[in-house]
Amino acid sequence: MTEQRGKAWHYRAEDQGSEPNHYPGYIPVGDVRRRLFGWRAEAVAPHYPVPFGTTPETPADPANPGYRLVEVPGSPLPMIADLSRRIVYRSDTGRPLGVFSSKYPVMQYGEMLLDGLAALVTPDGLAVSDDSLGIGSAGLLKGGAVAWVQIERPETVATPEGVDFRTSILASASMDGSLPLSYSAVNQVVVCDNTHAWALDEAERSGRVWKLRRRSALSQLAFKDAREALQMVVQAEDGFAADIAKLCDLSVNTTQFRQLLDDFAPLPEEEASKSARTRVQNKRDQLELLWTSDERVKPWTGTGFGWLQTVNTWQHHIRPAQGNRAGRNTTNAVTGKTADADALTLERMFQVLTPAR
């Protein structure tokens with residue numbers, strides 16, 4: 001939604017082809033189907049060649065052989081088909097996505113991530129209002145093995161503590177079995193474009209995440225209409241704003257900051273290698289610079305939220321990344337690693353600030 005928010009920090013003009021990946025408003029559902037989900041997940045039994053001079057064997061149970069001798073056009077060798085398993089692959093590229101049992105149901109991203117949400121988003125062409133929901137982002141990860149669609153409201157929430165954020169519903173699924181079909185509430189802090197998916201009360205957080213078993217009927221989707229989905233977003237916004245207020249009210253003095261730093265990035269023993277000590281010291285220096293000087297953290301320095309924001313910002317934007325940083329951040333948000341990291345940061349922070357007596 002570049003008209004309201006500008007371009008994302010990871011935007012690169014040279015990466016834009018005939019169709020840019022940034023939209024002035026909500027992303028049309030038809031574009032997501034065509035550009036991302038315009039292929040099908042297909043399945044086939046694994047095949048492997050049988051060497052010349054050998055006799056193919058089958059299991060003793062003739063009612064369920066599991067394996068079958070087949071002829072593959074163009075193959076100089078006879079082939080055995082493993083009927084107990086299925087390889088799921090992309091119909092457009094042939095890229096394998098996962099190997100499963102023969103009973104594994106193959107579903108399509110369009111069915112899982114768009115059909116279930118179609119009734120929630122504002123139809124193309126209608127005016128965007130505060131009560132509208134639309135697709136803010138969508139994409140594929142791991143070559144199509146994982147996908148997500150994010151729906152959100154257009155406006156930003158501003159808290160009395162000076163934290164501006166947006167709450168959205170993140171729908172995710174996988175073709176490699178790594179993720180169940182899930183719908184969760186996530187929050188994006190505007191000043192740093194970081195994703196937050198934590199809550200002080202884990203019981204409350206469990207009410208913000210819905211996971212459907214892979215074989216479940218899509219009719220079990222938790223949201224029956226746009227009003228229910230909108231209510232869920234508003235409740236998540238209220239909960240996140242309340243949590244921010246609590247953390248901003250929690251003071252962290254200089255001594256406690258040093259204790260948090262020692263807990264998160266402890267210095268190695270004297271006998272450790274020079275390179276190991278240098279890596280840790282660089283990490284500590286980066287965290288301290290965020291805490292004392294960085295605009296993404298400084299407004300809340302001296303508070304519990306400031307420490308959480310320090311660690312979260314370091315993990316998003318400074319921590320060494322292999323390959324594309326934006327892709328890694330998205331993967332972590334979709335797979336739940338960001339939520340786990342934030343939860344661990346909060347847990348360790350409270351242990352340091354309130355030691356057992």
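The pair Asp82-Arg85 meets the salt-bridge criterion, since a charged nitrogen lies less than 4.0 angstrom from a carboxylate oxygen. A salt bridge is absent between Asp92 and Arg40; no separation between the charged side-chain nitrogens and carboxylate oxygens falls under 4.0 Å. Using a cut-off of 4.0 Å between Lys/Arg side-chain N and Asp/Glu carboxylate O, Glu288 and Arg258 are scored as salt-bridged.
Under the 4.5 Å side-chain contact rule for hydrophobic residues, Leu250 and Phe240 share a cluster. Criterion: ILVMFWY side-chain heavy atoms under 4.5 Å apart, direct or through other members. Under it, Phe350 and Ile244 are part of a common hydrophobic cluster. When the side chains of ILVMFWY residues are joined at heavy-atom separations under 4.5 Å, either directly or via intervening members, Ile87 and Tyr109 end up in two distinct hydrophobic clusters. By the criterion of side-chain heavy atoms lying less than 4.5 angstrom apart, applied directly or through intervening Ile, Leu, Val, Met, Phe, Trp or Tyr residues, Leu83 is not grouped with Val99; the two fall into different hydrophobic clusters. Linking Ile, Leu, Val, Met, Phe, Trp and Tyr whenever their side-chain heavy atoms come within less than 4.5 Å leaves Phe257 and Val280 in two separate clusters.
Put simply, NZ on Lys298 and OG1 on Thr310 are 11.5 Å apart, with the number rounded to the nearest 0.5 Å. The line from NE2 of His316 to CZ of Arg325 is 10.5 Å long, rounded to the nearest 0.5 Å. Within the model, atoms CH2 of Trp291 and CG of Leu260 stand 7.0 Å from one another, a figure rounded to the nearest 0.5 Å. A distance of 9.5 Å separates SG in Cys248 from CD in Gln309, rounded to the nearest 0.5 Å. Annotation: the span from Thr335 atom OG1 to Asp340 atom CG amounts to 8.0 Å, rounded to 0.5 Å. Between the CH2 atom in Trp307 and the OG1 atom in Thr345 there is a gap of 8.0 Å [rounded to 0.5 Å].
Side chains of Ile135 and Leu114 form a contact here, defined as non-hydrogen atoms less than 4.5 Å apart. When side chains are defined from C-beta on, Pro96 does not count as touching Val88, because their heavy atoms never get closer than 4.5 Å. By the 4.5 Å heavy-atom criterion applied to side chains, Thr330 and Leu141 are counted as neighbours. A heavy-atom distance below 4.5 Å is not found between the side chains of Lys142 and Leu97. When side chains are defined from C-beta on, Ile80 does not count as touching His47, because their heavy atoms never get closer than 4.5 Å. Side-chain atoms of Phe305 and Asp249, non-hydrogen and from C-beta on, never get closer than 4.5 Å to each other. Contact annotation: the side chain of Phe100 never approaches that of Val106 to less than 4.5 Å [non-hydrogen atoms, C-beta and beyond]. In this structure, the side chains of Val146 and Thr331 stay at 4.5 Å or more apart for every pair of heavy atoms.
When all heavy atoms are compared, the tightest approach of Gln315 to Asn329 is O-OD1, 4.2 Å. Taking all atoms of both residues into account, the shortest heavy-atom contact from Tyr89 to Ala43 is CE2-N, 4.0 Å. A pairwise comparison of heavy atoms in Glu161 and Trp300 identifies O-NE1, 2.9 Å as the closest pair. Scanning all heavy atoms of the two residues, the minimum distance from Met349 to Gly304 falls at SD-O, 3.6 Å. Across every non-hydrogen atom of Pro266 and Arg284, the tightest pair is CA-NH1, 4.4 Å. Minimum interatomic distance between Glu42 and Ser91 (heavy atoms only, all atoms of both residues): CG-CB, 3.9 Å.
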Could you please spell out the steps behind the side chain to side chain contact (heavy atoms under 4.5 Å, CB included) verdict for Gln256 and Leu353? CA-CA 7 Å; Gln256 291 170 323; Leu353 299 182; 3.8 Å; yes
Criterion side chain to side chain donor-acceptor pair (under 3.5 Å) on Thr156 and Asp164, from CA distance to verdict: CA-CA 6 Å; Thr156 297; Asp164 294 346; over 6 Å; no
Show your working on side chain to side chain contact (heavy atoms under 4.5 Å, CB included) between Val189 and Val163 and close with a plain yes or no. CA-CA 7 Å; Val189 176; Val163 180; 4.3 Å; yes
Between Asn187 and Arg166, is the side chain to side chain contact (heavy atoms under 4.5 Å, CB included) condition met? List the steps. CA-CA 6 Å; Asn187 305 287; Arg166 293 185 291 268; over 6 Å; no
Please walk me through it: do Glu237 and Thr167 pass side chain to side chain donor-acceptor pair (under 3.5 Å)? CA-CA 6 Å; Glu237 288 175 349; Thr167 297; 4.6 Å; no
Full working for side chain to side chain contact (heavy atoms under 4.5 Å, CB included) between Ile169 and Glu152: CA-CA 6 Å; Ile169 298 173; Glu152 56 193 59; over 6 Å; no
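Side-chain contact, Asp263 with Gln259: no donor N or O sits under 3.5 Å from an acceptor N or O. Under the 3.5 Å distance criterion, with hydrogens and angles disregarded, no donor-acceptor pair is assigned to the side chains of Thr338 and Asn332.
Geometrically, Lys283 engages Phe264 in a cation-pi contact, judged by NZ or CZ lying under 6.0 Å from the ring centre and within 45° of the ring axis. Because its NZ or CZ atom is not both nearer than 6.0 Å to the ring centre of Trp314 and within 45° of the ring axis, Arg319 does not count as a cation-pi partner of that residue.
Dense packing is recorded around CZ of Arg34, with more than 12 heavy atoms of other residues, nucleotides or ligands lying under 6.0 Å away.
Screening Ser182, Ser174, Ser137, Ser172 for a side-chain hydrogen bond (donor to acceptor under 3.5 Å, both in side chains) involving Trp148 leaves a single residue, Ser137. Each of Leu289, Leu290, Val311 was scored for a side-chain contact (heavy atoms from CB on, under 4.5 Å) with Val297, with one residue passing: Leu290.
Side chain of Ser168 to main chain of Leu170: no donor-acceptor pair is present (N/O by atom type, distance under 3.5 Å, no hydrogens or angles). A side-chain donor-acceptor contact under 3.5 Å links Gln108 to the backbone of Ala41.
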